[in-house]
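Contents: one structure, followed by commentary.
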Amino acid sequence: MAATEDDRPAAPSGEETSVLLAARRQKLERLRADGIEPFPHEYDGVVAIADVKSAHEALQDGEETEDVYRVAGRLAARRGQGKAAFLDLVDRSGRIQLHARVDVLGREAFDRLISLDLGDLIGVDGAIFRTRRGELSLRVDGWTLLAKSLRPPPEKHHGVQDVELRYRHRELDLMSSPEARDLFLTRARIVSAVRRFLDDAGFVEVETPVLQPLYGGANARPFTTHHNALDRELYLRIATELYLKRLIVGGLEKVYEIGKDFRNEGISHKHNPEFTMVEFYEAYADYEDMAERTERLVAAAADAAGYAGEIDLAPPWRRETLAGSILSRTGIDIMAATERDQLAAAMAEKGLRVPPDDTWAQLVDELVSKHVEPTLIEPTFLLDYPVELSPFAKRHRDDPRLVERFEAYVNGMEIANAFSELNDPDEQRRRFEQQRRDAEAGDEEAQPYDESFLQALEQGMPPTGGVGVGIDRLVMLLTGRRSIREVVLFPAMRD
RNA sequence: GGGCCGUUAGCUCAAUUGGCAGAGCAGGGGACUCUUAAUCCCAAGGUUGUAGGUUCGAUUCCUACACGGCCCA
């Protein structure tokens with residue numbers, strides 16, 4: 001009968017889409033009806049697929065063994081031949097081909113195996129062999145359903161391509177993309193390497209508050225939240241700096257923290273509102289010492305990541321003063337043009353854009369980010385910042401207009417920031433007062449006045465060097481990714 | 001915040017000037033004991049991001065919005 005407008009089924013809706021889901025649910029119910037538990041509790045003795053394969057690389061084409069293994073993972077593909085079938089099983093370490101044969105398994109177990117859905121999780125006992133075509137495979141002697149999958153997996157060959165879907169449902173990206181799995185395993189190795197490097201150097205890992213009565217330690221706006229029982233506002237930290245320095249006051253001497261900071265600012269390829277930072281502080285050290293530690297830490301992380309990029313990260317890195325870098329790129333001497341209008345005039349003379357409301361410090365920042373940063377491809381320390389830009393850094397021993405501070409740049413991107421830490425409490429108090437004036441003048445990123453921190457400094461803090469390294473950016477650098485969202489498992493997304 | 005691009009089946013992608021919205025994978029039925037993007041046969045799968053507008057007719061043109069990407073600030 002020819003279909004006409006009138007016999008067409010009613011316009012399909014969400015229910016129609018769920019034909020695929022209904023088929024899987026039906027299989028689930030069938031399994032239960034047949035007395036098979038679709039979600040068993042355990043499966044002991046599993047071996048990584050990569051280990052199974054590497055132990056038998058020497059097998060000849062067509063050679064069979066009775067070396068049996070137990071593997072487990074997700075069913076990724078199926079190629080049936082009627083009374084035999086090949087299936088691909090994927091675990092975190094890799095993929096292995098399974099060979100299911102009715103004469104080995106018996107009719108029932110065989111039929112049940114090949115009627116599984118792609119995406120189902122199974123465990124397999126079997127003997128390793130190499131097919132006549134040369135692929136290491138496992139002959140399925142027995143198998144167990146470990147978890148029924150009730151949703152179809154991503155496309156078998158292309159995986160998830162839609163960027164939005166990859167970010168919102170990273171599990172789909174991970175299950176379908178070995179590259180995605182490798183990336184996040186590499187990220188984990190980088191974090192481990194950072195921790196190991198600092199542990200080995202005698203640093204103590206600590207944890208300081210994420211929820212803070214007062215935020216500080218960076219120029220950024222915070223997220224605020226509310227504590228119900230205390231009925232008060234709390235802030236999510238923007239940095240760990242001030243608490244870590246209190247631990248230096250307390251005598252822990254070398255401390256570090258790896259954790260999330262939260263900054264209430266725009267999202268870009270270099271910025272996620274929550275990001276991972278390692279900060280480490282070392283008593284009796286200055287910023288020069290910290291520069292050496294930083295370049296060695298990054299080299300250690302690069303080694304752990306198997307970094308093979310074009311940029312040479314081996315120490316020692318290039319060192320350049322901030323003022324010198326601006327002078328060489330633009331011909332403007334910020335140490336000569338020390339007044340706001342002087343600098344603005346110098347910039348105008350060179351034909352550079354001058355944001356009319358910017359302060360002297362903001363103009364310097366503008367010059368650096370526009371004209372210097374993009375040129376810093378090889379790893380470079382920019383040294384000696386204007387005091388106005390650095391409320392927690394100690395004055396430069398040779399020039400009172402500067403502080404002893406560096407930012408480390410690689411591939412045009414800032415990856416670290418460090419100071420000889422300001423430990424004179426009276427000087428710190430004056431800096432806070434300046435910040436308060438900046439805030440009153442409308443600077444939303446100015447530091448709040450932190451009396452508690454000042455009291456800590458008054459107890460006496462040894463000369464100290466401190467560094468913060470952005471872990472996400474380090475991972476970007478070491479894995480060659482252009483967006484922070486690629487290296488964060490679940491990046492911030494709009495609803 | 002501005003500009004450009006994108007959004008079509010569960011997934012990956014097509015669709016001529018504005019003229020019946022297609023394919024591959026996955027899923028359903030069947031054949032197949034060395035396949036590997038397995039193959040072959042059959043059937044099914046759609047509110048084309050959302051809301052409007054123009055038109056006899058819109059996936060296609062226009063407006064707004066949402067989400068995402070790239071570039072700029």
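Throughout, a chain's letter reflects where its sequence line sits, starting with A, and its residues are numbered from 1.
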Distance, rounded to the nearest Å, where [X] contributes [atom1] and [N] contributes [atom2]:
X	N	atom1	atom2	answer
A/Arg132	B/U36	CZ	P	13 Å
A/Glu366	B/A73	CD	C1'	10 Å
A/Leu20	B/G10	CG	P	7 Å
A/Lys148	B/G27	NZ	C1'	11 Å
A/Arg74	B/A26	CZ	P	17 Å
A/Leu98	B/C34	CG	P	17 Å
A/Leu172	B/U12	CG	P	10 Å
A/Asp61	B/C34	CG	C1'	11 Å

Quick one: which of [options] gets closest to the side chain of [X]?
X	options	result
A/Lys83	B/U33, B/G69, B/A37	B/U33
A/Lys27	B/U12, B/A73, B/G27	B/G27
A/His158	B/U33, B/A37, B/C11	B/A37
A/Leu118	B/C25, B/A26, B/A73	B/A26
A/Arg485	B/G68, B/C34, B/U33	B/G68
A/His99	B/G27, B/A37, B/C34	B/C34
A/Asp117	B/G28, B/C11, B/U33	B/G28
A/His157	B/A37, B/G68, B/G27	B/A37

Write down the distance separating the [atom1] atoms in [N] and [M], rounded off to the nearest Å.
N	M	atom1	value
B/G22	B/C65	C1'	30 Å
B/U48	B/U7	C1'	9 Å
B/U59	B/A14	C1'	12 Å
B/G29	B/A44	C1'	10 Å
B/C11	B/G49	P	13 Å
B/G10	B/U17	P	29 Å
B/G2	B/A21	P	37 Å
B/G24	B/C20	C1'	22 Å

Base partner of [N], which must satisfy Watson-Crick or wobble distances under 3.5 Å:
N	answer
B/G28	B/C42
B/G68	B/C5
B/U48	none
B/C56	B/G19

Please tell me if [X] has a side-chain N or O lying less than 4.0 Å from either OP1 or OP2 of [N].
X	N	result
A/Arg78	B/A26	no
A/Lys156	B/G24	no
A/Arg482	B/G69	no
A/Arg151	B/G27	no

Tell me yes or no: between the side chains of A/Ser137 and A/Glu135, is some donor less than 3.5 Å from an acceptor?
->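 No.
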Donor on one side chain, acceptor on other, A/Ser192 and A/Arg189, under 3.5 Å |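 Absent: no donor and acceptor within the cut-off.
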Hey, does [X] reach any base, or is it just sugar-phosphate, or nothing, if we go heavy atoms under 4.0 Å?
X	result
A/Gly62	nothing
A/Asp103	base
A/Arg130	nothing
A/Glu64	base
A/Gln81	base
A/Arg166	nothing
A/Arg494	sugar-phosphate

A/Glu233 atom CD, over 12 foreign heavy atoms within 6.0 Å =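 Enclosed: over 12 neighbouring heavy atoms sit under 6.0 Å from CD of A/Glu233.
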For A/Arg221, look at atom CZ and say whether over 12 heavy atoms of other residues, nucleotides or ligands are found less than 6.0 Å away.
->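 Count not over threshold, so no.
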Check whether any side-chain heavy atom of A/His226 sits under 4.5 Å from a side-chain heavy atom of A/Leu234, and report yes or no.
->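 Result no, sub-4.5 Å side-chain heavy-atom pair not found.
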Any N/O donor-acceptor pair, A/Glu135 side-chain to B/U36 base, under 3.5 Å =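 When only heavy-atom distances are counted, A/Glu135 does reach the base of B/U36 through a donor-acceptor pair under 3.5 Å.
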For A/Asp162 and A/Arg24, take the nucleotide of RNA chain B holding the closest heavy atom to each; which residue's nucleotide lies nearer the 5' end?
->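 Taking each residue's closest nucleotide, the earlier one in sequence belongs to A/Asp162.
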Between A/Gly80 and A/Val163, just flag the one whose closest nucleotide in RNA chain B comes earlier from the 5' side.
->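 It is A/Gly80 whose nearest nucleotide is closer to the 5' end.
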Full working for side chain to side chain contact (heavy atoms under 4.5 Å, CB included) between A/Tyr167 and A/Leu489 | CA-CA 7 Å; A/Tyr167 293 165; A/Leu489 279 167; over 6 Å; no
Report yes or no: is the cationic atom of A/Arg237 (NZ for Lys, CZ for Arg) closer than 6.0 Å to the six-membered ring centre of A/Phe262, at no more than 45° off its axis?
->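 Relative to the ring axis of A/Phe262, which defines the angle, A/Arg237 lies outside at least one limit.
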Assign the ring pair A/Phe129 / A/His99 to parallel, tilted or perpendicular, where the plane angle (0 to 90°) is split at 30° and 60°.
->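 A/Phe129 and A/His99: tilted rings.
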A/Tyr449 ring center within less than 6.0 Å of A/Phe432 ring center |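 Under 6.0 Å, so yes.
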